[in-house]
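Here is how names work: the chains are called A, B, and so on, in the same order as the sequence lines, proteins then strands, and each is numbered from 1.
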Amino acid sequence: MELPKEYDYNAIEEKWMDTWQDSMYYFDQNSQKPGFIIDTPPPYPTGNFHIGNALNWCYIDFVARYKRMRGYNVMFPEGWDCHGLPTEVKVEELHGITKSQVSREEFRRLCVELTTKNIERMRNSLRRLGFSIDWSNEYITMEPEYFGKTQRSFVQMYANGRIYQQNHPVNWCPRCETAIAFAEVEYDSRETVLNYLNFDELKIATTRPELLAACVAVAVNPEDERYRDFVNTEIKVPVFGHKVRVIADKSVDPAFGTGVVMICTFGDKQDVRWWVDHGLPLRRALDKTGKMTAIAGKYAGMSTEECKKTIIEDMKIAGTLYRQEKLDQNVGLCWRCKTPIEILSERQWFVRIISDEILNTANEVAWVPDYMKVRLENWTGTMEWDWCISRQRIFATPIPAWYCTKCGRAKVAKEEWLPLDPTQVQPPEPCECGFSGFKGEEDVLDTWMDSSISALHVCGWLSNRNLLLPAQLRPQGYDIIRTWAFYTILRSKALLNIKPWETILLNGMVLGEDGHKMSKSRNNFVVPEEVIKKHGADAFRQWAAIGGTTGSDIIFSWKDVVAGSRFLQKLWSIFRFSLPHLSDEPAPFTPVDLWLLSKLNRLVKDAIEKMDAYQFDETFKAIRGFAWEILADNYIELAKSRLYGEGKGKKAAQYTLFITMETLTRLLAPFLPYFSEEVHSYLNQGSVHLQAWPEVDGSLINEEAEAMGEQIKEIAAAIRRYKSENGIALNAPLNGIELYSSITDASDIAGAANTEIRLKTGTPDIEVVPVEIRPNMKNLGKTYRSKARPIAEAFKDVDPVPAGSENIEIEVEGEVLTIDPSCFTVIKEMHVKGKAVDILAVGNATIVISR
RNA sequence: GGGCCCGUGGUCUAGUCGGCUAUGACGUCGCUCUUACACAGCGGAGAUCCGGAGUUCGAAUCUCCGCGGGCCCA
């Protein structure tokens, strides 16, 4: 059978993608094998699978395929986190409408339609990348089967007091017109203006004069001598004329501005703290769209910016504003639309955060890499408010609650009524007050409420099968530790009091080739489809494996992808050479065979250790190094003459090559699913992905065999180098080689050198001259400490010839020391005694080549 | 402003519970089409391991300070 010379990745990958059956990767509910459930991140169905996702999925797939081969019953589910603002925005854009122009149901229908289309596109990308996804465990959060669970989780947490409703200041995006959680606030530094105002008898400095109407107090530091007499007096707010109290609070910085600060409801988070601490009243100057309210008088209806501009002008004219200076400040922005957020007090639903519960659970989970846990701890430590889970949007899980139109009381649904949309259906029982008229809750849930039960869902929660929580693995990016990881732990504990997973595996961010975050504006954006088109999925997966250490950021690099495709070609060439020579018939091994098999078994052992520690780069590099350097560059070169000849070692080489190729194929399977399947199809029946991981044959790991093989390899390499340096063709015979060594079988060397080799014992007829004594600092330092360096220096002056390999007596700092041979190495050179030969020294062996 | 990670040949990178000649890839230079592979093989050049101080017989590796980069956050 003649294989094509070039590895046609495209044809082969497409072929296997069409051949493979989804059922190969189904999780078996009735299996006796140990389970391995992966809490795969459900991506947002934008329609395009991002390269960062692709990296993460590569990691997941390496683990899933490896664990399957190691005998686990693996579940690698695929979820889709459908709800959220980006889809709403996209739908408005596509149809040229705003959400208020159509009914809620119609708008929702359009969102579902778009999402369904996007999911279908992304499924294709996932398949093409060769991910062994269990499609029987796919979940889609916008479907009633899933969001019904989100709603039931809401009801359960309401029942156990973890969810409550309250009027509380929340972060508010005036553009999206919704509340958002702290986790969704981004910060950016901007330049703003600090305005100095005459405030009755005081002078204050503020960056937000437009909130003057919302001023509820003025604060000074209690230590500040300048203002001591004003504390607890009332002063008049300029422009609006209402009176506010002067309060003392030690968190006021006397050095900032005038040392007097106005407190508004609400300019920023600090205002909220003061507002709570001092029990201040609420003055609402902003509405939900970010426009000024009636209390802003003539400024009512203006946007904050218009109001700011106008009021500054007015105050300048009135002489209220007497000074302005520039100030750098950090502004909170909505992470989706980058609009500066406001803080509004509204009735919202909250989830109670219990920091200790999160921290304790985080400690029960293994973090890979471990330093990532600190990020969760730091975030948890900064939580000031509970998690606001209500959103004023449409495309999301409806909050299953109603308000009685008579008494206003909130009625939360019973679990058995779910799933439902309270704006579409009425509760089947009356309010506690006896009245039966209800208005459905129009607020919906934060999408993290959907995705934070993913672990529970895939583990069988609220399904008619066994609950298998905790899952074994949560793979995710470190950028969503404060959200997805945090919320998942919270919910798993709140609902079931079980940790969600045993291990969390963090992947880094993919950076563009310029070392910066990939973004369209930087023009460093690469999509997986482009890479696959140019070099195939197996090459892409190699970049993911070796691009960087697990958890660290990894720079996308075309070079690495190209190197990956070259390795595929190299492997293909190895296989193409090997195929006609393979035999599964055992035969007695030669030293070189034993050397290869020892290396191979060591590799398998190594790979298990590294894969178990999620060190994909190390694993793949070890396998690649074995295939390229040990197998291709050395073993094949050495065994070639046996394979082409008809001698007694032929069968052993064929058998060794068979074992090696077969094992190597299985080791490569998690990384190169397409390539390994192709090769496997020539060697065995069935899919390589249903095979077991290679066993380690400990009896074949043998130091002596390795040392012997290593020496043979070194000798062959030395002869090859000799030919290369002397301009002799590599296949040209030499006049003759004498080999002085402990080697008993030099047939492979002879074959590789294409020269007859005479084996000799003892010493050749040459002079061995010690030329240098080189210190062994490790031993020397341990023994002689501060004298180590002078001793090393003194070695230079010792005559190496009589020194031999015995103890050396040396005088250092007036003291005579006896240094034993473990502290130094005698370097020798060989000199010819009047013969026309060249001498090569390799370890203890000496090669004498007749010219 | 805080936290986390990082700074190693031209480029990217391994190594970091201290120890001899610092790993590999790409690039580069030279030789070679050797019955698997020129997308290759063989050989070479190329590194004050960011700077400074300290600990130590000995530091890329540990400690401190500084500079620079990235990310997450306030």
Open item on the list: Quick test of your reading of the model: are A/Asp606 and A/Lys610 salt-bridged, counting only N-O distances below 4.0 Å?
Closed with: yes
- [ ] Please work out whether the ring planes of A/Phe620 and A/Phe567 are parallel, tilted or perpendicular, with thresholds of 30° and 60°.
- [x] perpendicular
Open item on the list: Would you measure the distance from the C1' atom in B/rG46 across to the matching atom in B/rG9 and give it in whole Å?
Closed with: 6 Å
TODO: Just compare B/rC37, B/rG3, B/rA74 and give me whichever is closest to any side-chain atom of A/Trp379.
DONE: B/rA74
Open item on the list: Once you apply a heavy-atom cut-off of 4.0 Å, does A/Lys5 come out as touching a base, just sugar-phosphate, or nothing?
Closed with: sugar-phosphate
Open item on the list: Work out how far the C1' atom of B/rA47 is from that of B/rG7, and round it to whole angstrom.
Closed with: 14 Å
TODO: Would you kindly give the CD1-to-P distance between A/Ile555 and B/rC5, to the nearest whole Å?
DONE: 18 Å
Open item on the list: With a 3.5 Å limit on both atom pairs, tell me what B/rG1 is paired to, counting Watson-Crick and G-U wobble, or say none.
Closed with: B/rC73
- [ ] Write down the distance separating the C1' atoms in B/rG18 and B/rU61, rounded off to the nearest Å.
- [x] 6 Å
TODO: Can you tell me the pairing partner of B/rU48 across any strand shown, Watson-Crick or G-U wobble, with both distances under 3.5 angstrom?
DONE: none
- [ ] For B/rA40, give its Watson-Crick or G-U wobble partner with both distances under 3.5 Å, or none.
- [x] B/rU32
Task: Rounded interatomic separation in angstrom, taking CD1 from A/Ile554 and P from B/rA14 - done: 10 Å
- [ ] Calculate the interatomic distance between A/Arg273 atom CZ and B/rA74 atom C1'; express it in whole Å.
- [x] 9 Å
TODO: Could you pick out which residue, A/Asn378 or A/Glu629, lies toward the 5' side of RNA chain B when each is mapped onto its nearest nucleotide?
DONE: A/Asn378
TODO: May I ask you to establish whether A/Arg375 and A/Trp367 are in a cation-pi arrangement, using a distance under 6.0 Å from NZ or CZ to the six-membered ring centre and at most 45° from the ring axis?
DONE: no
Open item on the list: Rounded to whole Å, please give me the gap between CZ in A/Phe577 and P in B/rA38.
Closed with: 15 Å
Open item on the list: Expressed as a whole number of angstroms, how long is the span from A/Phe556:CZ to B/rU13:P?
Closed with: 15 Å
Task: B/rA38 phosphate, OP1 or OP2, under 4.0 Å from A/Lys570 side-chain N/O - done: no
Task: C1' atoms of B/rG70 and B/rU23, separation to the nearest Å - done: 24 Å
Open item on the list: Using the C1' atom as the point on both nucleotides, what is the distance between B/rG41 and B/rU35, in whole Å?
Closed with: 15 Å
TODO: Side chain of A/Arg624 only, please: which of B/rC72, B/rG3, B/rG24 is the nearest?
DONE: B/rG24
- [ ] Could you tell me whether the side chains of A/Asn171 and A/Lys269 share a donor-acceptor contact shorter than 3.5 Å?
- [x] no
Task: Spacing of the P atoms in B/rG27 and B/rC42 (rounded, Å) - done: 15 Å
TODO: Measure distances between side-chain N and O atoms of A/Arg375 and base N and O atoms of B/rC72, and say whether any donor-acceptor pair falls under 3.5 Å.
DONE: no
- [ ] Nearest whole angstrom, please: distance from the P of B/rU16 to the OH of A/Tyr371.
- [x] 14 Å
TODO: Look at A/Glu342 together with A/Arg208 and state whether they make a salt bridge at an N to O cut-off of under 4.0 Å.
DONE: yes
Task: Pair assignment for B/rC57, Watson-Crick or G-U wobble, requiring both distances under 3.5 Å - done: B/rG19
Open item on the list: Tell me if the side-chain of A/Lys621 makes a donor-acceptor pair with the base of B/rU23, cut-off 3.5 Å, by modelled atom types.
Closed with: no
Task: Heavy-atom closest pair, residues A/Ile757 and A/Ala746 - done: CG2-CB, 4.1 Å
- [ ] Respond yes when some side-chain nitrogen or oxygen of A/Trp628 is under 4.0 Å from OP1 or OP2 of B/rG41, and no when none is.
- [x] yes
TODO: Could you tell me the separation between the OH atom of A/Tyr478 and the P atom of B/rG70, rounded to a whole number of Å?
DONE: 12 Å
TODO: Give the rounded distance in Å between these two atoms: CG of A/Leu638 and P of B/rC42.
DONE: 12 Å
TODO: Give one of base, sugar-phosphate or nothing for A/Asp560, where a contact means two heavy atoms less than 4.0 Å apart.
DONE: nothing
- [ ] Tell me which of A/Lys269 and A/Ser557 sits closer to the 5' end of RNA chain B, going by the nucleotide each one is nearest to.
- [x] A/Ser557
Open item on the list: Considering every strand and a 4.0 Å limit on heavy-atom distances, what is the contact class for A/Glu618: base, sugar-phosphate, or nothing?
Closed with: sugar-phosphate
Task: C1'-based separation of B/rA38 from B/rC31 [nearest Å] - done: 13 Å
Task: Whole-angstrom distance between B/rC50 and B/rU11, as gauged at atom P - done: 13 Å
Task: Basic-acidic side-chain contact under 4.0 Å: A/Glu710, A/Lys599 - done: yes
